[in-house]
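Everything numeric here is computed off the predicted structure, so don't read it as measured data.
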Amino acid sequence: MDICKYIPSKAITAHIKEIGHKFTLPEKAAIIYHNNHMTLNEKFAAWEELIDTEPDCSQPAGLYHMELSSYHAFLKEYMDLQLRQIERFKENTQGKYIYYVSKWHHKSFRYNSDDDGWRNGQECYFTTYEACVKYIKSILMEDDGGADFYRISRAELNSPDSKPHIYLECDENLDIIDVSFSEGMNDKDLDIEAELMGLYFIIPTPFRHGDIVKSGEEKMVLDTFDYWDSRTMLERGVPADDRRISRADRQLEGKKHHVDSSDMMAYGYAVITPKSRNYSLYKGAYYIDFDGFGIMGAREILDMEYYEPSESAEDKILKLLSMKLQRKIGEDTFANVYRFLVREGKLGCARTALCGEYDADIKSLLRRGEPE
């Protein structure tokens, strides 16, 4: 199987093909699992292709891994579990549950995002899954212009312990892309559910220390990946006098046995800006923060691309910081230019706020007319 066709990042795909890197069967299964752009049925087809084309293997037990005598058999069990979860979610013959929908209106990561991106679907509730789907198709998709993603959630009536994180997530065509449902699962089912997410593995990337990268909504100047060994750190532009290099190999060996895929991180520097539109609050606008979590998890890393900065003050700061990390400019030059870019950013924010107030005043005057 050409696993590269399931890696969203064009930059990473080209790099893997260039160096001829080979992934193991579990790693290939995990790459398909982490693909944020495939429906569940498309993932099923890809896993079936793995079973048909890749030699089987066993797997020893680990902190985040089951002992598996056949990885092919595990993949079949995993797919069967997903189908059973979906059927359990839809079943409501006793009328214990209600269903409701939330919408996501932009094609970016829903994972590791705050809940503010989800909007309730007009506060409507349904006694069957089918009625909720019919409402989405007839009202939200036709009359309301649709959305990029839909989340159909289920809650138990008259129960203070009802779990709001039980849901099916669908794309704009209502094809299921994710299921979050654990009711009725025994210990073995829970282990099967966690297996693909638990795999910690190395994803070769072309990115260097100081490159400007983006994944989903996150853009930053790359510092390091947490799975870079000492040799890779030096090859990727980390300065030889960086004290982290001396302990990188020892730390990486420990991580392989004590972390899962959510701990696969790209560390970097981001430009933080206030969210308020009130220009008087922009006193501390545009400051640099070392993002300790950065681009976090295999799903986000597999989506990483180079980012081409715009002419905004924020992106100019990213470019300036990139030049500093790559030692193309010194500390003094960085500090002086950064100071002017922050001033440019604050002035731009103030101008936007003032123009907004001006437009509002003009519109109000036009509505009222001249006083008699």
Please find out if less than 6.0 Å separates the ring center of Y125 from that of Y99. no

Charged N to carboxylate O below 4.0 Å: is that the case for E169 and R151? yes

Are any non-hydrogen side-chain atoms of M323 and Q326 less than 4.5 angstrom apart? no

Can E49 and Y6 be counted as having a side-chain donor-acceptor contact under 3.5 angstrom? yes

Using atom types as modelled and distance alone, determine if a side-chain donor or acceptor of S230 lies under 3.5 Å from a backbone N or O of S246. no

Please say whether the positively charged group of K324, taken as NZ for Lys or CZ for Arg, lies over the ring of F334, i.e. under 6.0 angstrom from the six-membered ring centre and within 45 degrees of the axis. yes

Quiz question: by atom type and distance under 3.5 Å, do the side chains of S310 and D315 form a donor-acceptor pair? yes

Assess whether a salt bridge exists between E77 and K188, defined as any Lys/Arg side-chain N lying under 4.0 Å from an Asp/Glu carboxylate O. yes

Flag for S70-D56: side-chain donor and acceptor within less than 3.5 Å: yes

Is it true that H21 and F23 have ring centroids separated by less than 6.0 Å? yes

Would Y200 and Y227 count as a side-chain contact (heavy atoms from CB on, under 4.5 Å) if you check the C-alpha gap in whole Å, the side-chain angles of each, and the deciding distance to 0.1 Å? CA-CA 10 Å; Y200 181 93; Y227 54 77; 3.4 Å; yes

Which heavy-atom pair separates L252 from D226 by the least distance, and what is that distance? CD1-O, 4.4 Å

Has N186 got a side-chain atom pairing as donor or acceptor with L190's backbone, closer than 3.5 angstrom? no

For the hydrophobic clusters of this structure (ILVMFWY residues joined by side-chain heavy atoms under 4.5 Å, transitively), does one cluster hold both V133 and Y97? no

Tell me yes or no: between the side chains of T93 and E91, is some donor less than 3.5 Å from an acceptor? yes

Check: R250 main-chain N/O paired with E253 side-chain donor or acceptor under 3.5 Å: no

Check whether R208 reaches the backbone of E235 with its side chain - one donor and one acceptor, N or O, closer than 3.5 Å. yes

Test side-chain contact (heavy atoms from CB on, under 4.5 Å) on F149 and D178 and set out the steps. CA-CA 11 Å; F149 300 98; D178 190 24; over 6 Å; no

Examine the side chains of H37 and D303 and answer whether a donor and an acceptor come within less than 3.5 Å of each other. yes

Which of I12, D211, I19 passes side-chain contact (heavy atoms from CB on, under 4.5 Å) with P206? Answer is I12

Evaluate the side-chain contact (heavy atoms from CB on, under 4.5 Å) criterion for residues L168 and Y150: first the C-alpha distance (whole Å), next the side-chain angles of each, then the deciding distance (0.1 Å), finally the verdict. CA-CA 8 Å; L168 294 183; Y150 298 94; over 6 Å; no

Does any part of the side chain of H209, heavy atoms only, come nearer than 4.5 Å to the side chain of M233, both counted from C-beta? no

Salt-bridge test for E130 and K134: reply yes if a basic N is under 4.0 Å from a carboxylate O, no otherwise. no

Validation row: L40, I177 side chains within 4.5 angstrom (heavy atoms): no

Could you tell me whether the side chain of S153 and the main chain of Y100 form a donor-acceptor pair under 3.5 Å? no

Heavy-atom donor-acceptor pair, E27 side chain to F201 backbone, under 3.5 Å: no

Quick one: do D175 and K43 satisfy salt bridge (Lys or Arg N to Asp or Glu O under 4.0 Å)? Show the steps, please. CA-CA 12 Å; D175 291 323; K43 291 182 179 182; over 6 Å; no

Can you confirm whether or not the ring centre of W47 sits under 6.0 Å from the ring centre of Y33? no

Gap between atom CZ of F44 and atom CD1 of I176 - 0.5 Å precision: 9.0 Å

